[in-house]
Amino acid sequence: MRKIYLDNIRWSTVLLVLIYHVFYIFNGAGVPGGIPNAKSIPLFDTAAAVIYPWFMVLLFVVSGMSARYSLERRTARQFLKERTVKLLIPSTLGLFIIHWITGYFNIKMGGGLAYIPRFLVYPISVISGTGPLWFIQMLFLFSCILVLLKKADKTDAVWKLCQKANSAVLIFLFVLIYGAAQILNTPVLTMYRFGIYLVSFLIGYYVFSHNTVQTNIEKIRIPMLCAAIAGAAVYAFRYGTGDYTSPSCLQNIVTNLYLWLAVLAIIGCGKHYWNRETAFTRYMAKSSFGLYILHYPILIVTCYLLYFHFDLPVICNYMIALAAELILTPALYEAIKRIPIIRYLVLGIKQKK
């Protein structure tokens with residue numbers, strides 16, 4: 001039986017990613033990758049800082065849970081074949097079709113086009129166009145690791161043991177998250193945090209996929225929500241105006257405690273309050289993956305045009321960019337999923353036989 005609340009958490013978090021990236025591109029907090037010296041709204045910089053520590057951890061936890069349910073109905077071979085089409089193809093071959101646009105405008109905003117021979121602009125743009133696709137690249141890697149772990153543990157002993165996790169254990173997992181945040185972090189490309197994201201994915205697979213564990217999380221939803229709100233206040237006071245992607249922030253104990261409380265609160269509240277669906281939520285559950293893949297090229301082009309070719313009030317830049325992203329991304333998704341071959345390369349959608 002499909003867990004509707006997990007679908008709702010997933011698409012809501014993807015929607016939050018779309019909003020976050022508007023704040024990120026115009027950020028004035030010193031976070032690298034946005035428009036250089038952009039005029040920003042400090043309140044939006046703080047909002048982005050508060051969101052950043054936990055929203056991708058949450059997506060990896062939910063992805064780990066979903067991987068468990070998927071492997072219960074598929075062989076490891078079938079699982080990897082599906083993951084190759086859905087994750088690996090869009091995050092590699094899709095760069096040549098649409099995501100080179102992201103790379104091109106990143107280079108252009110950084111002033112790098114003047115130093116690149118014209119015949120190399122496209123291939124370098126392709127290489128530089130990963131953008132938010134880092135998430136699905138890592139998800140594919142973790143899926144491969146998961147298959148190896150499953151093969152090594154043929155009796156599923158680890159998963160069965162994790163069924164015993166009570167509320168205290170769930171909270172104490174923060175220690176594991178904090179430890180993982182200290183390792184396997186790539187320099188410069190701070191989004192590739194292999195330690196914490198792999199551990200989050202495996203916690204989702206081994207621990208949170210149990211119905212009993214989800215019930216335990218639901219029971220502590222209110223204390224966790226209150227603690228997460230308090231943690232957000234402390235975190236915002238400490239890191240809300242600076243570079244929230246720096247190692248000093250991401251590896252700090254305050255940041256990791258806050259993010260874990262937020263993850264527990266969201267999953268617990270989601271299970272209790274949002275285990276229902278409408279026509280809109282069904283559409284979003286089905287389409288959110290495609291929206292995630294496609295939103296950034298639209299957004300970066302829009303933000304570039306607004307900032308470098310218009311002189312609008314700062315708030316207008318935010319509002320127009322967000323409106324363009326939320327309107328044009330679904331439109332592009334609906335168009336591409338109807339085009340053979342292109343939908344396979346960009347969205348990982350195979351033609352039904």
Peer 1: To the closest 0.5 Å, what do you measure between CZ (F142) and OG (S63)?
Peer 2: 10.0 Å
Peer 1: With a cut-off of 6.0 Å (strictly less than), are more than 12 heavy atoms of other residues, nucleotides or ligands near CZ of F172?
Peer 2: no
Peer 1: Do the side chain of T46 and the main chain of P42 share a donor and acceptor less than 3.5 angstrom apart?
Peer 2: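 Present.
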Peer 1: Students often mix this up, so state it plainly: with edges at 30° and 60°, are the rings of Y235 and Y258 parallel, tilted or perpendicular?
Peer 2: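 Answer is parallel, since the angle falls under 30°.
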Peer 1: If you look at every heavy atom in R276 and T281, which pair is closest and at what distance?
Peer 2: O-OG1, 4.4 Å
Peer 1: I need the L259 CG to I177 CD1 distance, nearest 0.5 Å.
Peer 2: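 So the CG of L259 and the CD1 of I177 are separated by 6.5 Å.
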Peer 1: With a cut-off of 6.0 Å (strictly less than), are more than 12 heavy atoms of other residues, nucleotides or ligands near CZ of F237?
Peer 2: no
Peer 1: Rounded to the nearest 0.5 Å, what separates atom OH in Y333 from atom CG in L294?
Peer 2: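 Between Y333 OH and L294 CG, I get 9.0 Å after rounding to 0.5 Å.
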Peer 1: For the residue pair W100 and Y122, does the interplanar ring angle fall in the parallel (under 30°), tilted (30 to 60°) or perpendicular (over 60°) class?
Peer 2: perpendicular
Peer 1: Does atom CG of D156 have more than 12 heavy-atom neighbours from other groups under 6.0 Å away?
Peer 2: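 Count over threshold, so yes.
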Peer 1: Decide whether V169 and I267 are clustered together by the hydrophobic rule: side chain heavy atoms of Ile, Leu, Val, Met, Phe, Trp, Tyr closer than 4.5 Å, transitively.
Peer 2: no
Peer 1: Applying ring-ring contact (aromatic ring centres under 6.0 Å, His included), run through F26 and F44 and close with a yes or a no.
Peer 2: CA-CA 9 Å; F26 289 124; F44 291 165; 9.9 Å; no
Peer 1: Parallel under 30°, tilted from 30 to 60°, perpendicular over 60°: which one fits the rings of Y24 and Y296?
Peer 2: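 Judged by the thresholds at 30° and 60°, the geometry between Y24 and Y296 is tilted.
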Peer 1: Between L345 and I97, which heavy-atom pair has the shortest distance, and what is it?
Peer 2: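 It is CD1-CD1, 4.0 Å.
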Peer 1: Nearest 0.5 Å, what's the CD1-CG distance between I298 and L332?
Peer 2: 4.5 Å
Peer 1: Can the ring centroids of W134 and Y197 be said to lie less than 6.0 angstrom from one another?
Peer 2: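 Centroid distance W134-Y197: below 6.0 Å, so yes.
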Peer 1: Taking the six-membered ring for Trp, are Y20 and F55 ring centroids under 6.0 Å apart?
Peer 2: yes
Peer 1: Side chain to side chain contact (heavy atoms under 4.5 Å, CB included) between I19 and E325: does it pass, once the steps are laid out?
Peer 2: CA-CA 9 Å; I19 297 170; E325 181 185 36; 5.8 Å; no
Peer 1: Quick one: does R338's side chain have a donor or acceptor within less than 3.5 Å of a partner on E334's backbone?
Peer 2: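 Answer holds: yes.
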Peer 1: Give the minimum heavy-atom separation between V213 and A165, together with the two atoms involved.
Peer 2: CG2-O, 4.0 Å
Peer 1: Does one side chain, of S70 or R83, offer a donor that lies under 3.5 Å from an acceptor on the other?
Peer 2: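 Per modelled atom types, S70 and R83 side chains form no pair under 3.5 Å.
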Peer 1: Pairing donors with acceptors under 3.5 angstrom, does anything connect the side chains of N106 and S128?
Peer 2: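 The answer is no; no qualifying pair exists.
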Peer 1: Can you tell me which residue among N8, T13, I9 is in a side-chain contact (heavy atoms from CB on, under 4.5 Å) with W11?
Peer 2: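 Filter result, single survivor: N8.
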Peer 1: Starting at CD1 of I196, measure out to CZ of F201 and round the result to the nearest 0.5 Å.
Peer 2: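 Going from the CD1 atom of I196 to the CZ atom of F201 covers 15.5 Å.
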Peer 1: Would you say Y69's side chain and S209's backbone share a donor-acceptor pair under 3.5 angstrom?
Peer 2: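 Yes; at least one donor-acceptor contact below 3.5 Å.
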Peer 1: With side chain to side chain contact (heavy atoms under 4.5 Å, CB included) as the criterion, how do L202 and L149 come out once you've worked through the C-alpha distance, each side chain's angles and the decisive distance to 0.1 Å?
Peer 2: CA-CA 10 Å; L202 294 179; L149 292 174; 3.9 Å; yes
Peer 1: For K219, does the NZ atom sit with more than 12 other heavy atoms under 6.0 Å from it, leaving out its own atoms?
Peer 2: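 Open.
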Peer 1: To the nearest 0.5 Å, tell me how far I336 CD1 sits from R343 CZ.
Peer 2: 11.5 Å
Peer 1: If you count the non-hydrogen atoms of other residues, nucleotides and ligands that lie under 6.0 Å from OH in Y304, is the total more than 12?
Peer 2: yes
Peer 1: Could you tell me whether the side chain of H210 and the main chain of V207 form a donor-acceptor pair under 3.5 Å?
Peer 2: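 Side chain of H210 to backbone of V207, a donor-acceptor pair under 3.5 Å: no, none is there.
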Peer 1: How far apart are the closest heavy atoms of A67 and L146, and which atoms are they?
Peer 2: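 Shortest heavy-atom separation between A67 and L146 comes out as CB-CD2, 3.8 Å.
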Peer 1: Check whether more than 12 heavy atoms from other residues, nucleotides or ligands sit under 6.0 Å from atom CD1 of I315, and answer yes or no.
Peer 2: yes
Peer 1: Where do V14 and F289 land on the side chain to side chain contact (heavy atoms under 4.5 Å, CB included) test, with the steps shown first?
Peer 2: CA-CA 8 Å; V14 167; F289 183 76; over 6 Å; no
Peer 1: Is it true that Y5 and Q214 share a donor-acceptor pair across their side chains at a distance under 3.5 Å?
Peer 2: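 Looking only at side-chain atoms, Y5 and Q214 do form a donor-acceptor pair, the distance falling under 3.5 Å.
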Peer 1: Could you check whether atom NZ of K86 has more than 12 heavy atoms from other residues, nucleotides or ligands sitting under 6.0 Å from it?
Peer 2: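 No, the 6.0 Å shell around NZ holds no more than 12 heavy atoms from other groups.
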Peer 1: Can you list the residues that meet the salt bridge (Lys or Arg N to Asp or Glu O under 4.0 Å) rule with R74, with sequence neighbours excluded?
Peer 2: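 Partners of R74 by the salt bridge (Lys or Arg N to Asp or Glu O under 4.0 Å) criterion, ordered by chain and then number, come out as E82.
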